[in-house]
K.L.:
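Starting off with a structure, shown below.
In what follows, chains are A, B, ... by sequence order, proteins preceding strands, each numbered from 1.
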Amino acid sequence: MLNIFNTLTRQKETFTPIKANHVRMYVCGMTVYDYCHLGHARVMVVFDMVARWLRASGYALTYVRNITDVDDKIIQRANENNESITVLTQRFIDAMDEDAMRLGVLRPDIEPRATTHIHAMIEMIGKLIEKGYAYCADNGDVFYAVRRFNGYGKLSGKSVDDLRAGERVEVDTFKNDPMDFVLWKSVKPNEPNWDSPWGPGRPGWHIECSAMSGQHLGAHFDIHGGGQDLQFPHHENEIAQSEATHGCQMANYWMHNGFVRVDDEKMSKSLGNFFTIRTVLEQYDAEVIRFFILRAHYRSPLNYSHQHLDDAKVALTRLYTALRGVTVTEHAVDWSHPQALRFKAAMDDDFNTAEAMAVLFDLANEANKDKSANTIALLKNLGAVLGLLQQDADAFMQGKGVGDDLDIQALIKARIEAKSAKNFAEADRIRAELTDVGILLEDTPQGTIWRKA
RNA sequence: GGCGCGAUAGCAAAGCGGUUAUGCCGUGGCCUGCAAAGCCAUUUAGGCCGGUUCGACUCCGGCUCGCGCCUCCA
C-alpha cells in the first residue's frame, strides 16, 4: 500500500485514488525562456519516478506536466533577442525535450501550453468575478481577492495576516489588498496579448495551472506536484482559484520535491549559482545524473558538486559491473522475491528511492557471488522501475571520450602476447599506457576486458 | 518579524525504541605473474542539554547551528 507525504497535512497518508484504478497527476513544469538547470532536472526525474512507480503498482495514470510559454521573463527575453515569444519558447521546449529524453524521463501524457489555453483561463476568471472572488481594477488588471477565500494559506501554512506583502517588493497600487494577485494583465506596449471581456491582455502566471488541470484532469484530481519553491504562492493561489471556481477540493495529495543546492544554498537563476543540464552532460553520462538525483529522497535537499557526481558515477559503475557480460531476456519483475518485496516496501513508503537503491546494491552483491540469472534479471528489472540500468553495461562503462582514437583491442592483443611470453614488463607497460589515458584493463577468466576510469 | 524543514561515521545517504542500512574512501585477507574487478572481514556514527523508558540515533522538551518560504523561481 502506497503512502505519500502530503504537504497539505504535513504527514504521510495512505494513497487512495479518487477513481479506483485511474490516477490523475498534475505537475508544474518549466517556464521556457532558457536552458533547464539541475533543479529542473530534479523535478522532471522525481515525478518521472513517481509516474513509473504508480504504473508499476498497477494504476492507470494520466500524467500532465504543463509548459509556461508566456510570462514576464519570456517576453523580456524575446524582446532582448528581437524575436517572437513563439520562436523563443519553441527553441527551449525542444532543448528541454532533449534534456529530459537523455535523463530517461518519459514524456508526460499531456503537456499543455499556457498559450493554447487562454480561452479556458478567461472562462475561469469570468467565473471568479461572477462569484465575487475577483475584481477588475482601474488599470484594467483583474485581481484575485485573497481574503475572500477562506482556505487561503492552508497549503503553505501561512496566515494572510502574517504575510509581509510589500516588504521586499513594491505593492501594485491598483490592488485592493497587498496580498491580492493578478489573474489578467492588461496589455502593455510590445507585449503579446489576447482579447478578453476586460480588454486585451495576457494571463497572470497562476491561472494557467488551474485552468489546464481543470480542463485535462477535472476539478478534483489525485496528485499535484512541483518544486518546493512553488508551494507559496503559486500552489496556494492555484488552490484559491480552482476551489473557488469549482466549489470542491482541487487535489487530494500535494507533493513537493526538495531543492538542489550548491554549497548549501538553493540553486537558482537569481543567485546565478546554477548548472544547466547540458553543461553537466558534457562531463557525465546522463544516467549518472539520474542516479545522483534518485539516490537521495525526493524531499531532502540535494547538494550538487563534482565530487558527489563522481561518487554517483563510481556507485553506478558497481551496479553495471554486476551486469557486465550477461543478457537479460525476461523483463517482468518477480515480485515474490524477498528483495523485490523490500524494494516495493521502500517505494511504497513515500517513494524512498534511497532505500530502494540499497536493494539494488544488495542484489549486485548477490549476483556477483552466485551469477544467478534470476538475481541478475531482478537487478536489471528493478533498475528499470527507476529508469536505471537499461544501457548495455559495456556501453556505459566504456563510454565515449578520451582514448577513442586508440586501437584498444590491438593493445590488449599485444599485451596478451607479451604475457604469454612471460614478458611482464612489456605487458605492464602496455597496461600503464592505457591507464594513463583513463582506460583500465581487467583480466578475467573470459579474457581481458576494459572500461573507462 | 511570521511560518516551515534539517543536524547520522572521512564523504554521500536511509531505515529503525533493543538485532549488518547502502555506496565511496581506509585497513587486513582471498583471488591475480602483478594489477583491476569481485568476494570475505574490518575501522570511523547519530549537534548540545534534559526528560520518558528496562533500553533512544530513533519518542518528548529546550538550546545551538544550518537551510527554505513570506518576491519571480523546479
K.L.:
Does a side-chain N or O from A:Lys369 land closer than 4.0 Å to OP1 or OP2 of B:C40, or not?
P.N.:
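Indeed, a polar side-chain atom of A:Lys369 lies that close.
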K.L.:
Mind checking A:Met267 for me? I need base, sugar-phosphate or nothing, with any heavy atom below 4.0 Å counting as a touch.
P.N.:
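A:Met267: base contact, heavy atoms under 4.0 Å.
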K.L.:
Over all strands shown, is A:Thr321 touching base, sugar-phosphate only, or nothing at heavy-atom distances under 4.0 angstrom?
P.N.:
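Sugar-phosphate: the residue A:Thr321, judged by heavy atoms under 4.0 Å, touches backbone atoms but no base.
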K.L.:
Starting at NZ of A:Lys154 and ending at P of B:C70, how long is that distance when rounded to a whole Å?
P.N.:
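It is 20 Å, rounded to the nearest whole Å.
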K.L.:
Is the closest side-chain donor-acceptor distance between A:Gln231 and A:Glu236 under 3.5 Å?
P.N.:
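A:Glu236 and A:Gln231 do not have a side-chain donor-acceptor pair below 3.5 Å.
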K.L.:
Does B:C69 have its OP1 or OP2 closer than 4.0 Å to a side-chain nitrogen or oxygen of A:Lys266?
P.N.:
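Answer is yes, contact under 4.0 Å.
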K.L.:
Can you tell me, in whole Å, how much space there is between the C1' of B:C30 and that of B:C34?
P.N.:
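Approximately 16 Å lies between the C1' atom of B:C30 and that of B:C34.
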K.L.:
What interatomic distance, in whole Å, is found between C1' of B:G33 and the corresponding atom of B:U42?
P.N.:
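Roughly 28 Å separates the two C1' atoms.
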K.L.:
To the nearest Å, how far apart are A:Phe351 CZ and B:A13 P?
P.N.:
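It is 21 Å, rounded to the nearest whole Å.
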K.L.:
Is A:Lys452 positioned over the aromatic face of A:Phe396, cation under 6.0 angstrom from the ring centre and no more than 45 degrees off axis?
P.N.:
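The answer is no, since A:Lys452 fails at least one limit relative to A:Phe396.
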K.L.:
Taking OP1 and OP2 of B:A14, is either one under 4.0 Å from a side-chain nitrogen or oxygen of A:Ser300?
P.N.:
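True: A:Ser300 side-chain N/O within range (under 4.0 Å) of B:A14 OP1/OP2.
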K.L.:
Would you measure the distance from the C1' atom in B:G46 across to the matching atom in B:C54 and give it in whole Å?
P.N.:
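Between the two C1' atoms, the distance is 22 Å.
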K.L.:
Can you find a donor-acceptor pair, distance only, under 3.5 Å between A:Asp161 side chain and B:G2 base?
P.N.:
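Absent.
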K.L.:
Please give the distance between the C1' atoms of B:C63 and B:A7 as a whole number of Å.
P.N.:
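It works out to 13 Å between them.
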K.L.:
Check whether NZ of the Lys or CZ of the Arg A:Arg299 lies under 6.0 Å from the centre of the six-membered ring of A:Phe5 and within 45 degrees of that ring's axis.
P.N.:
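That pair qualifies as a cation-pi contact.
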K.L.:
Checking all strands, does A:Lys422 fall into the base, sugar-phosphate, or nothing category for heavy-atom contacts under 4.0 angstrom?
P.N.:
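Touches nothing.
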K.L.:
So, under a plain 3.5 Å distance rule, would you say the side chain of A:Lys269 forms a donor-acceptor pair with the base of B:C72?
P.N.:
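Per atom types, no contact qualifies.
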K.L.:
Could you check whether any side-chain N or O of A:Asn193 sits under 3.5 Å from a backbone N or O of A:Glu191, counting only pairs where one atom can act as donor and the other as acceptor?
P.N.:
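Yes, because the side chain of A:Asn193 sits within donor-acceptor range (under 3.5 Å) of the backbone of A:Glu191.
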K.L.:
Parallel under 30°, tilted from 30 to 60°, perpendicular over 60°: which one fits the rings of A:Phe292 and A:Tyr304?
P.N.:
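The rings of A:Phe292 and A:Tyr304 stand perpendicular, inter-plane angle above 60°.
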K.L.:
Sort out the partner of B:C39 for me: Watson-Crick or G-U wobble, both distances under 3.5 Å, none otherwise.
P.N.:
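Paired with B:G29.
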K.L.:
Let's test this: given Watson-Crick or G-U wobble pairing with both distances under 3.5 Å, identify the partner of B:C54.
P.N.:
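Check on B:C54: paired to B:G18, both distances under 3.5 Å.
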K.L.:
Could you state the CG-C1' distance from A:Leu103 to B:A74, rounded to the nearest angstrom?
P.N.:
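Whole-Å distance recorded here is 14 Å.
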K.L.:
Does A:Lys422 have more than 12 heavy atoms from other residues, nucleotides or ligands lying within 6.0 Å of its NZ?
P.N.:
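Not buried by this count: 12 neighbours or fewer within 6.0 Å.
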K.L.:
Suppose we define a pair by two distances each less than 3.5 Å, Watson-Crick or G-U wobble; what does B:G66 pair with here?
P.N.:
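Paired with B:G66, as far as the under-3.5 Å criterion goes, is B:C5.
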K.L.:
Quick one: A:Arg299 CZ to B:C5 P, roughly how many Å, whole number?
P.N.:
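It is 10 Å, rounded to the nearest whole Å.
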K.L.:
Determine the interatomic distance between C1' on B:C25 and the same-named atom on B:A9; round to the nearest Å.
P.N.:
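B:C25 and B:A9 have their C1' atoms separated by 12 Å.
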K.L.:
Among A:Trp184, A:Phe181, A:Phe232, find the residue that satisfies the ring-ring contact (aromatic ring centres under 6.0 Å, His included) test when tested with A:His206.
P.N.:
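It is A:Phe181, the one option of A:Trp184, A:Phe181, A:Phe232 that forms the ring-ring contact (aromatic ring centres under 6.0 Å, His included) with A:His206.
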K.L.:
Counting only Watson-Crick pairs (N1-N3 plus N6-O4 or O6-N4) and G-U wobbles (N1-O2, O6-N3), all under 3.5 Å, who is the partner of B:U44?
P.N.:
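Partner of B:U44: none found under 3.5 Å.
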K.L.:
May I ask you to establish whether A:Lys73 and A:Tyr33 are in a cation-pi arrangement, using a distance under 6.0 Å from NZ or CZ to the six-membered ring centre and at most 45° from the ring axis?
P.N.:
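Cation-pi check for A:Lys73 and A:Tyr33: fails.
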K.L.:
Provide, to the nearest angstrom, the distance between the NZ atom belonging to A:Lys313 and the P atom belonging to B:A12.
P.N.:
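Atom-to-atom, A:Lys313 to B:A12, this comes out as 20 Å.
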K.L.:
Side chains of A:Thr448 and A:Asp443 only: does a donor on one sit below 3.5 Å from an acceptor on the other?
P.N.:
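Result is yes, a qualifying pair exists.
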K.L.:
Please report the distance separating the C1' of B:A13 from the corresponding atom of B:U22, rounded so that it comes out in whole Å.
P.N.:
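That atom pair is separated by 8 Å.
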K.L.:
Considering Watson-Crick and G-U wobble pairs with both distances under 3.5 Å, what does B:C11 pair with?
P.N.:
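Because both required distances fall under 3.5 Å, B:C11 counts as paired with B:G23.
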K.L.:
Write down the distance between CG (A:Asp443) and C1' (B:C34), rounded to a whole number of angstrom.
P.N.:
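It works out to 10 Å between those atoms.
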K.L.:
What does A:Asp229 touch in the nucleic acid at a heavy-atom separation under 4.0 angstrom: a base, only the sugar-phosphate, or nothing?
P.N.:
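Base, at least one base heavy atom under 4.0 Å.
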K.L.:
Rounded to the Å, how far apart are A:Arg261 CZ and B:A12 C1'?
P.N.:
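Taking CZ of A:Arg261 and C1' of B:A12, I get 14 Å after rounding.
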K.L.:
Provide, to the nearest angstrom, the distance between the CD atom belonging to A:Glu208 and the C1' atom belonging to B:C72.
P.N.:
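In whole Å, B:C72 C1' lies 13 Å from A:Glu208 CD.
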K.L.:
Could you run down nucleotides 19-26 of chain B 5' to 3' and tag each one B, S or - for protein heavy-atom contact under 4.0 Å?
P.N.:
--BSBS--
K.L.:
Taking only N and O in the side chain of A:Asn352, is any of them less than 4.0 Å away from OP1 or OP2 of B:A14?
P.N.:
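Looking at the OP1 and OP2 atoms of B:A14, neither is under 4.0 Å from any side-chain N or O of A:Asn352.
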K.L.:
Please report the distance separating the C1' of B:A74 from the corresponding atom of B:G68, rounded so that it comes out in whole Å.
P.N.:
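So the two C1' atoms sit 14 Å from each other.
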K.L.:
Look at all strands and tell whether A:Arg65 reaches a base, only sugar-phosphate, or nothing, counting heavy atoms closer than 4.0 Å.
P.N.:
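Result for A:Arg65 = nothing.
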K.L.:
Is a side-chain donor or acceptor of A:Thr7 paired with a backbone partner of A:Trp254 at a separation under 3.5 angstrom?
P.N.:
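Checked: pair present.
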